[in-house]
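What follows is a single structure, written as structure tokens, with notes after it.
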Amino acid sequence: PAKPVVLGIAGAIDVKPDAVWAAGRLWVVWESNAGGRRGIGLATWDGRTVGSVETVNAEAGSANYAPTVAAVDDGRIAVAWHAFREHNYDIFLRLRQPNGQWLPEQRLTKSPGIDRHPLLLTRGSDLWLIHEQAAVRGYRIGATRSRRLAVAQIQPDGTLLSPVGMAQSPLAERAEGPAAAFDAAGRLWIAHLQPQGQRSGWSCFLTGYAGGRSE
């Protein structure tokens, strides 16, 4: 193994990294407390040099968490995260053009519940989002009464198109911690965790979306 390479902001606490390899570089995003508020940073590494740190979240003063990054076939880099704004947790997206220009933020969710922990993945030029939807009783930190996973294809205007049958899928039950990939036939496979009781830990399940039915 080579020596560790430091990416991040000097003097800041940088956590929860995610990365994708594209165009000969590793694109790394993370959550940082630089400036006194949680923000999302991005930097690249080409095997020799670390690029300058770019701030992804456009709104200053908000709290932003748990970024995910994906590379689209047309050269764009997509970053999503969840943020606490207007007294609610929602998912936000920002796209970086091949020329380095950042497009405006897009707010992807507006539900009254907690939308958090996004996961981005691509299939060709299509961009997909998986995220956790949680609900609480009252205003109790860390205590949720339900957790499920939402799946959608992100349209250019930020609209989310969910596959048919999601409400009857295993992801609509108690599900969290997703990992996902498309197979060669274009089917979407999602692995997720499901708790087995307060003292029994979690089990891992795998479900595939195949044109209207879960397998």
Side-chain angles (χ1 to χ4, degrees), residues 1-110 114-132 152 154 156-158 160 177-181:
K3 293 182 179 180
V5 177
V6 178
L7 295 89
I9 303 171
I13 297 176
D14 300 320
V15 296
K16 299 180 182 177
D18 190 31
V20 64
W21 188 266
R25 289 183 287 177
L26 186 69
W27 301 77
V28 185
V29 294
W30 65 89
E31 176 188 315
S32 176
N33 72 343
R37 288 293 187 117
R38 286 285 167 182
I40 307 302
L42 175 143
T44 61
W45 181 70
D46 63 4
R48 299 178 301 277
T49 305
V50 175
S52 59
V53 175
E54 302 177 33
T55 300
V56 180
N57 55 289
E59 181 177 313
S62 62
N64 307 272
Y65 306 94
T68 175
V69 61
V72 188
D73 276 0
D74 59 12
R76 293 176 298 164
I77 299 297
V79 182
W81 66 96
H82 71 262
F84 188 74
R85 302 181 188 176
E86 300 176 6
H87 310 289
N88 199 47
Y89 281 103
D90 287 301
I91 306 296
F92 292 81
L93 172 75
R94 201 167 187 196
L95 296 171
R96 188 183 190 276
Q97 301 283 63
N99 63 3
Q101 178 184 3
W102 285 98
L103 297 180
E105 281 185 353
Q106 291 177 295
R107 186 173 187 164
L108 300 182
T109 65
K110 296 181 180 179
I114 299 174
D115 295 315
R116 61 185 181 182
H117 305 317
L119 173 66
L120 289 177
L121 67 158
T122 60
R123 180 174 181 264
S125 59
D126 294 335
L127 184 61
W128 286 74
L129 169 71
I130 304 170
H131 72 279
E132 180 183 308
I154 305 173
D157 63 355
L160 300 180

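As a basis for the values below, the full set of heavy atoms in this structure was taken, side chains included, without hydrogen atoms, waters or symmetry mates. Note that this is a predicted model, so its numbers are computed, not measured.
At distances below 3.5 Å, not a single donor-acceptor pair connects side-chain atoms of Trp128 with backbone N or O atoms of Arg123. Between the Glu132 side chain and the Pro178 main chain, no donor and acceptor come within less than 3.5 Å of each other. Here the side chain of Asp18 pairs no donor or acceptor atom with the backbone of Val29 at under 3.5 angstrom.
Pro156 approaches Gln106 most closely through the heavy-atom pair O-NE2, 3.0 Å. Of all non-hydrogen atoms in Leu129 and Pro118, the two that sit nearest each other are CD1-CB, 3.7 Å. Between Ala180 and Ile130, the shortest heavy-atom contact is CB-CD1, 3.4 Å. Closest heavy-atom contact between Ala34 and Ile9: CB-CD1, 3.7 Å. Asp90 and Asn88 make their closest contact through OD2-ND2, 3.1 Å (heavy atoms, listed as atom of the first residue, atom of the second, distance). In terms of heavy-atom proximity, Ala19 sits nearest to Val28 at CB-CG2, 4.0 Å.
Atoms CG and CG, on Leu42 and Asn57 in that order, are 11.5 Å from each other to the nearest 0.5 Å. Atoms CZ and OH, on Phe92 and Tyr65 in that order, are 12.5 Å from each other to the nearest 0.5 Å. How far NZ of Lys16 is from NE2 of His117: 6.5 Å, rounded to the nearest 0.5 Å.
Side-chain contact between Leu95 and Leu127: present, with at least one pair of heavy atoms (C-beta onward) separated by less than 4.5 Å. Between Leu120 and Ile154 there is a side-chain heavy-atom pair separated by less than 4.5 Å. Inter-residue side-chain proximity for Asp115 and Tyr89 is flagged as unmet; no heavy-atom pair is nearer than 4.5 Å. Two residues are said to be in side-chain contact when any heavy atoms from C-beta on lie closer than 4.5 Å; Thr55 and Trp102 fail this criterion. Residues Arg96 and Arg76 are not in side-chain contact: their nearest non-hydrogen atoms beyond the backbone lie 4.5 Å or more apart.
Electrostatic pairing of Arg107 and Glu59 does not count as a salt bridge here, judged by no charged N lying under 4.0 Å from a carboxylate O. Ion pairing between Glu54 and Arg94 fails under the 4.0 Å rule for side-chain N and carboxylate O.
For the pairing with His82, the side-chain contact (heavy atoms from CB on, under 4.5 Å) check across Thr68, Thr109, Ile91 returns one residue only, Ile91. A side-chain contact (heavy atoms from CB on, under 4.5 Å) with Val69 is found for one member of Ile40, Ile77, Val56 and no other, namely Ile77.
For CD1 of Ile13, the number of neighbouring non-hydrogen atoms (other residues, nucleotides, ligands) closer than 6.0 Å is 12 at most.
Asn64 and Arg37 form no side-chain donor-acceptor contact under 3.5 Å, judged by distance and modelled atom types alone. When only modelled atom types and interatomic distance are considered, Asp73 and Ser125 share no side-chain donor-acceptor pair under 3.5 Å.
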